[in-house]
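One-based numbering, in listed order, for ligands and for the atoms of each. The basis for the numbers below is simple: all heavy atoms, side chains too, and nothing from hydrogens, waters or symmetry mates.
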Amino acid sequence: MERISILIVGSGPAGCTAAIYAARAGMPPLVFAGAQVGGQLIQTTEVENFPGFDRPILGAELMERMQRQAIRFGARWLSESAQKIERVDDFFVVEGEYTTVEAEAVIVATGSVARWLEVPGEAEFRGYGVSGCATCDGFFFRGRDVAVVGGGNTAVTDALYLADFAQRVTVIHRRDTLRADHSLQDRLFQKSNVRFMWNSEVVEICGEENPRKVKYVLVRNVRTFEISECAIEGVFVAVGHIPQTKWLQGIVGLDDRGYIQTQGGARTTCPGLFAAGDVMDPHYQQAVTAAGNGCRAALDAVDYLRYRLGRE
Ligand code: NAP
C-alpha cells in the first residue's frame, strides 16, 4: 500500500487549489478526483465572477486549467472516489474504489450534491423529464415548456440557460422573492418567455408510463392551499445541496446538516484531517471561496506535517 504525505479527496475549486498549494510547498499530493472530475463547476455554463477573468469562462474550462496547474507542480490524479477512511495511529487509511492509500494528512473537498424535492413522481421520472442539471439535460427540451423549481442562484442560472431554447420556462418558488444575486434576477426578469409561480410548491410530478414522460406538475399555493396543474415536459430541480460527508461519519465532527465543522481555518475535530469548500461551508458556496478554503487547507496540512510530526 502506498504511503503519502497529503491525500486530497475532491477535485473542484477547493481540491484543485489545495493541490496547487500543497505541491508548491514541496508536498505534492495525490488527488482522489471523484467520479465528476472538476466538481460541480463542470456542470455550469459561464462563470462570470471568478476574479482574473474579465470575460466569462466556461466552468469546465476553468476546472481543466486548475487541474493542469496542479499537475504542473507535481500533483497526481486518480479518477476515483473515497469510500472509507480510518485513522490508524498518526495516519489515515483511505479506500478508493480501486486503490487504498495511507496518508499522513487528508484534505476533504468532496463538495455537495443536489438536493431533491422528494415528492411523488420525482424518482419515477428522473431521467424521463426530471433533472437536477439544466446544462446536462436542457438540450433535450428545445421548444418545449419546462419548469425550474427553486429561487437561488442555481435555479436562476438554470432558468436563464433554459430560456434560450425552451418555449417557456416557469420558475416555481416557495416564496415571493428570489434568493439569487440581483444581477442574475435582473437578467431573468427581462426574459419574455419566463414566468413565475410565486408562493408555490410542487407537490407531485405526473406523466405517462408508455413512453415514460412528464406531462404536468401539481403545484400548491402555500398561502391559499389551492392546487393547480402546470403543464410542462421537463422539471429542473434546483433546491440547494447536501454535503458529501456520509463516508466520514464517526471520524470527524459534522453539524446537524452534515457539513464538516472547522475551527480556525481548515482544521477539523480530527487532527490531520482538513476540510475545504462546499463540504464545510453551508453559507458562501462560491468557486472563489472554495478556492480560498482549499489554500487554507493545504497551508494548514503542510504546517501540521512540518511541525506536529516534526518534519524539517
Ligand atoms: P440555495 O442558495 O440554498 O437556494 C436553494 C433554493 O431552493 C432557495 O430558493 C430555497 O427557497 C429553495 N428550496 C430549498 N428547499 C426547498 C424545497 N424543499 N422545496 C422548494 N424549494 C426549496 O442553493 P443554490 O441555488 O443551489 O446555491 C447554492 C450555493 O451555490 C449558493 O451559495 C449560491 O450562491 C452558489 N451558486 C452561485 C452561482 C453563481 O454565482 N452564479 C450559481 C449557482 C450557485 P428559499 O429561498 O425559500 O429558502
State whether E46 and R187 are salt-bridged, where the test is any N-O pair (Lys NZ or Arg NE/NH1/NH2 against Asp/Glu carboxylate O) under 4.0 Å.
-> no
Location of contacts on V202 toward ligand 1, heavy atoms closer than 4.0 Å = neither
For ligand 1, which part of H173 has a heavy atom less than 4.0 Å away: the side chain, the backbone, both, or neither?
-> side chain
What atoms in ligand 1 come closer than 4.0 Å to a heavy atom of Y284?
-> 32 (O)
Report the nearest protein non-hydrogen atom to atom 46 (O) of ligand 1: residue, atom name, distance rounded to 0.1 Å.
-> R175 NH2, 2.8 Å
May I ask you to identify, for L117, whether its side chain, its backbone, both or neither come under 4.0 Å of ligand 1 on a heavy-atom basis?
-> side chain
Any chance you could measure D137, atom CG, to Q43, atom CD, to the nearest 0.5 Å?
-> 9.0 Å
Would you check if Q69 and C16 make a side-chain contact, meaning some heavy-atom pair closer than 4.5 Å?
-> no
Counting only heavy atoms not in E209, do more than 12 fall under 6.0 Å of its CD?
-> yes
Parallel, tilted or perpendicular: ring planes of F165 versus Y161, cut at 30 and 60 degrees | perpendicular
What is the closest protein heavy atom to atom 23 (O) of ligand 1, and at what distance does it sit?
-> G240 CA, 3.5 Å
Looking only at protein heavy atoms, what sits closest to atom 20 (C) of ligand 1 is V239 CG1, 3.8 Å
Report the nearest protein non-hydrogen atom to atom 40 (O) of ligand 1: residue, atom name, distance rounded to 0.1 Å.
-> N49 ND2, 3.0 Å
For ligand 1, which atoms sit closer than 4.0 Å to a heavy atom of R115?
-> 14 (C), 15 (N)
Would you mind checking which non-hydrogen protein atom is closest to atom 16 (C) of ligand 1, with the distance to 0.1 Å?
-> R174 NH1, 3.3 Å
Of T289, N153, V119, the residue with the heavy atom nearest atom 38 (C) of ligand 1 is N153
Minimum-distance protein heavy atom relative to atom 1 (P) of ligand 1 = R179 CD, 4.1 Å
Which bit of A114 gets closer than 4.0 Å to ligand 1, counting heavy atoms only: side chain, backbone, both or neither?
-> neither
N/O separation below 3.5 Å, G150 to ligand 1 = no
Determine whether more than 12 heavy atoms belonging to other residues, nucleotides or ligands lie under 6.0 Å from atom CZ of F53.
-> yes
Quick note on ligand 1: atoms under 4.0 Å from a heavy atom of H241 include exactly 26 (O), 28 (C)
So the atoms of ligand 1 within less than 4.0 Å of a heavy atom of H283 turn out to be 32 (O)
For atom 25 (O) of ligand 1, what's the nearest protein heavy atom and its distance?
-> T154 N, 3.0 Å
Please test R174 against E201 for salt bridge (charged side-chain N to carboxylate O under 4.0 Å, His left out), starting from the C-alpha separation and ending with a verdict.
-> CA-CA 5 Å; R174 64 184 180 183; E201 280 177 346; 5.6 Å; no
Specify the protein heavy atom at minimum distance from atom 35 (C) of ligand 1: its residue, its atom name, and the distance to 0.1 Å.
-> Q285 O, 3.3 Å
Taking atom CZ of F32 and atom OG of S11, what is their separation to the nearest 0.5 Å?
-> 12.5 Å
